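Index from 1, following the sequence. Not measured: the values here are computed from a predicted model. Note that ligands are numbered from 1 as they come in the structure, with each ligand's atoms numbered from 1 the same way.
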Amino acid sequence: MEIRYGIAVSPGIAIGPALVLDTEGVRIPYRTVPPEQIPAEINRLRQALREAAAEAEETHKRISARLGQALGNIFGAHASAFADDSFRNEIEKLIRTQNFSAEYAVSRGIREYVKKLEEAGAKLGEHAGVEVRRRAAEMIDLEKQVLVLLLGHRDEPLLAVGSPVIVVANDLMPSDTADFTPRTVSAFATESGGPTSHTAILAGALEIPAVVGVGRFLTDVSGGDIVIVDGERGLVVIDPDDRTVAEYEERRAVLLTRVDRYDALRDKPAVTLDAVAIRLLGNIELAQEAAHCAERGADGVGLYRTEFLYLNKTADPTEAEHYEAYKSVLQTIGPDRPVVIRTLDLGADKFSSVSGLLSNEKNPFLGLRSVRLCLRKLDLFKTQLRALLRAGRYGDARIMFPMISTVEELRQCKTLLNEVREDLEDAGIPFKSDIPVGTMIEVPSAALLADVLAKEADFFSIGTNDLVQYTLAADRNNENVAHLYNPADPAVLRLIRMVVEAGAREGIDVNVCGEMSGEPLYVPLLVGLGLRQLSATPRKIPEIKRVIRQLKVEEAERVAQHALRLETARQVSNYLRDQLRRILPETVD
Ligand code: PEP
Ligand code: MG
């Protein structure tokens, strides 16, 4: 039995036979052709590209209908690449000048381009090069699609399997995952990939348990071997022993009954035993996930990460694209529930190759990112703000600025928003003028200055993902410092307390929208610290609601007071675990 650790990108547990998807897979039978065959080779290439474009267009439509426009666009981009004249001309040139067979020319042409992209990606560095490397991976996906057509065979192992399999692969391309359904694929695990890769985002949208970035493990798995994918903890167990299988079967059963039981809570209110209401909101990345919030009984959207409008885009989104996305979320959620739309939080680990981001920053996490970038690229920022104000008419929209670290930044954002309001007014364009404006508290300086910021913001939302990272100086994506990265750290708890108190003094709402609020472990603590709103990934909402409905505020306050007196993250975690075990034993395993 082997246990490998990766990044959990979609929760759930699956046990089953592995299906190894070979990404190299397609073997090219010959490299060159006699000169007289060149016209025929070119025709074959053109025919294959036409078919590939038609297939990609078909997938574009199918996926857009199933999972929404943003994910469908991955394939729209494939279709355009196949139909692109310069792409075709480059490959034809290789056939004409080098006598390459169509297959070999496709492979050679694409691989050379990929190599250039990878070199450029390496020069840009780990963070800034992410998008370029993603493009390189996509080109490999395109290569595979054309080769399969040219070679006249395609392996569709998924269609052949009778019962669900666990797909393991070096990396999965969007064209591989697009047609996964829980009926054919019960989970997947990949050697490469990060939490914001297309594959990770698709896994979340498909609601299939998944672990990515496991590192080399395919050499240890053969098709049919039993594998466990634990999308809760981010691990893969290869060839588990009987005891581990039994343990996981039990955990899986508990999880499934818990999901059923929690789903039954959907329409019940999130109130404590002593009748204090807690507003539970959903975090979303894509507009169509608003429906998941509604399905899971969320009271609205607490965080819409609009930077995901850059997914599958090579240019900045237009005002119309922003507008349509916000309008659709607001309409799905309805007029009586809030939708907090966060302005673009680009840079560092998110869409870092966007135009205007500095590619040579030594430390992009402390660089020109997020609201700092927006305040530098005013056109970009104004385009988004215009769309936000215009779409605001379709519901209870709220605007939130990310990564605010000084009060001047908040003032500049508000001034700009006023300018945009005036422009819209002058132009006679309808918009909503009284949209509440809040700020994320995710930089320690903002938490320390919360009393000042609270006088100028309509609400706060504590972004614990970044607050933990910046407070402890521990990169949230670096496993080498993962032992330091802990929301239970007493330093973090003190900052949260300061923010809640500052909010209460000024009478503004305070929310927590980092992953911390989706963890049952922290619910008693957060409620005890005075939070009356939590925003989490929609799938976590029923579980959080269950804890709230078993809790008394008085008791939660005692938990918070005790936790604040502890000195280490470990002590806090252990204490919270004991408390949760007492309040709701089923959530602690
Ligand atoms: C956070 O930092 O806690 C947060 C919610 O924002 P993101 O995870 O998008 O950085
Ligand atoms: Mg953040």
Side-chain angles (χ1 to χ4, degrees), residues 7-9 127 130 194-197 200-201 204 280-286 289 293 298 300-311 339-352 354 357 364-374 384 398-405 409-410 413 438-447 450 459-478 485-489 491-493 495-496 499-500 509-519 522 526 531 533-541 544:
I7 306 162
V9 291
H127 295 299
V130 150
T196 54
S197 62
I201 293 160
L280 291 185
L281 304 155
N283 291 349
I284 61 170
E285 281 82 41
L286 304 173
E289 285 178 287
C293 295
V301 172
L303 169 65
Y304 176 12
R305 292 179 162 106
T306 59
E307 56 279 3
F308 279 81
L309 287 168
Y310 277 83
L311 184 69
V339 173
V340 179
I341 303 176
R342 182 176 74 180
T343 59
L344 297 166
D345 184 25
L346 294 163
D349 50 348
K350 281 183 272 181
F351 304 100
S352 50
V354 163
L357 279 171
F365 279 88
L366 301 183
L368 187 68
R369 58 171 297 206
S370 194
V371 80
R372 304 167 184 185
L373 176 80
C374 288
Q384 176 170 38
R398 300 166 187 209
I399 297 179
M400 176 160 76
F401 300 116
M403 284 285 296
I404 291 286
S405 45
E409 267 175 347
L410 177 59
C413 292
T439 170
M440 297 272 302
I441 303 284
E442 52 183 344
V443 179
S445 62
F459 62 91
F460 282 160
S461 193
I462 306 177
T464 48
N465 303 343
D466 278 314
L467 189 61
V468 173
Q469 142 166 287
Y470 290 121
T471 301
L472 290 148
D475 181 345
R476 64 197 255 189
N477 298 315
N478 181 346
Y485 184 95
N486 194 334
D489 196 281
V492 176
L493 305 195
L495 289 176
I496 296 177
V499 178
V500 176
D509 282 349
V510 181
N511 180 30
V512 173
C513 64
E515 301 303 313
M516 184 180 190
S517 56
E519 290 291 331
Y522 298 118
L526 293 174
L531 285 145
Q533 282 191 30
L534 299 173
S535 187
T537 179
R539 263 178 293 176
K540 291 282 187 178
I541 287 176
I544 300 305

Q: For the atom pair CG (N465) and OG (S517), what is the distance rounded to the nearest 0.5 Å?
A: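 Between N465 CG and S517 OG, I get 8.5 Å after rounding to 0.5 Å.
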
Q: Using a 4.0 angstrom limit on heavy atoms, which residues are close to ligand 1?
A: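 Within 4.0 Å of ligand 1, the protein residues are L303, R305, R342, D345, K350, M440, E442, G463, T464, N465, D466, R476, C513, G514.
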
Q: Does the side chain of L309 come within less than 4.5 Å of Y304's, by heavy atoms?
A: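 Y304 vs L309: side chains touch.
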
Q: At what distance, to the nearest 0.5 angstrom, does CG of L526 lie from CD1 of I544?
A: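 If I round to the nearest 0.5 Å, the distance is 9.0 Å.
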
Q: Output, in order, the C-alpha distance, side-chain angles, deciding distance and verdict of side chain to side chain contact (heavy atoms under 4.5 Å, CB included) for L303 and S461.
A: CA-CA 9 Å; L303 169 65; S461 193; 6.0 Å; no

Q: Any non-hydrogen side-chain atom of F460 less than 4.5 Å from a side-chain atom of V500?
A: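 A side-chain contact under 4.5 Å is absent here.
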
Q: Tell me every residue that passes side-chain hydrogen bond (donor to acceptor under 3.5 Å, both in side chains) with N283, counting only those two or more places apart in sequence or in another chain.
A: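 So N283 forms a side-chain hydrogen bond (donor to acceptor under 3.5 Å, both in side chains) with S535.
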
Q: Check whether Q533 reaches the backbone of V510 with its side chain - one donor and one acceptor, N or O, closer than 3.5 Å.
A: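 No, Q533 side chain to V510 backbone: no donor-acceptor pair under 3.5 Å.
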
Q: Taking all heavy atoms of M400 and all of T439, pick out the closest pair and write down the distance.
A: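 Heavy-atom minimum between the residues: CG-C, 4.0 Å.
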
Q: Taking 2.8 Å as the limit, list every protein N, O or S atom around the Mg ion (ligand 2), by chain and residue number.
A: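 Those protein N, O or S atoms (cut-off: under 2.8 Å from the Mg ion (ligand 2)) are E442 OE1, D466 OD2.
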
Q: Could you tell me which residues satisfy salt bridge (charged side-chain N to carboxylate O under 4.0 Å, His left out) with E409, sequence neighbours excluded, listed by chain and number?
A: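 In terms of salt bridge (charged side-chain N to carboxylate O under 4.0 Å, His left out), with neighbours along the sequence ignored, E409 is linked to no residue.
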
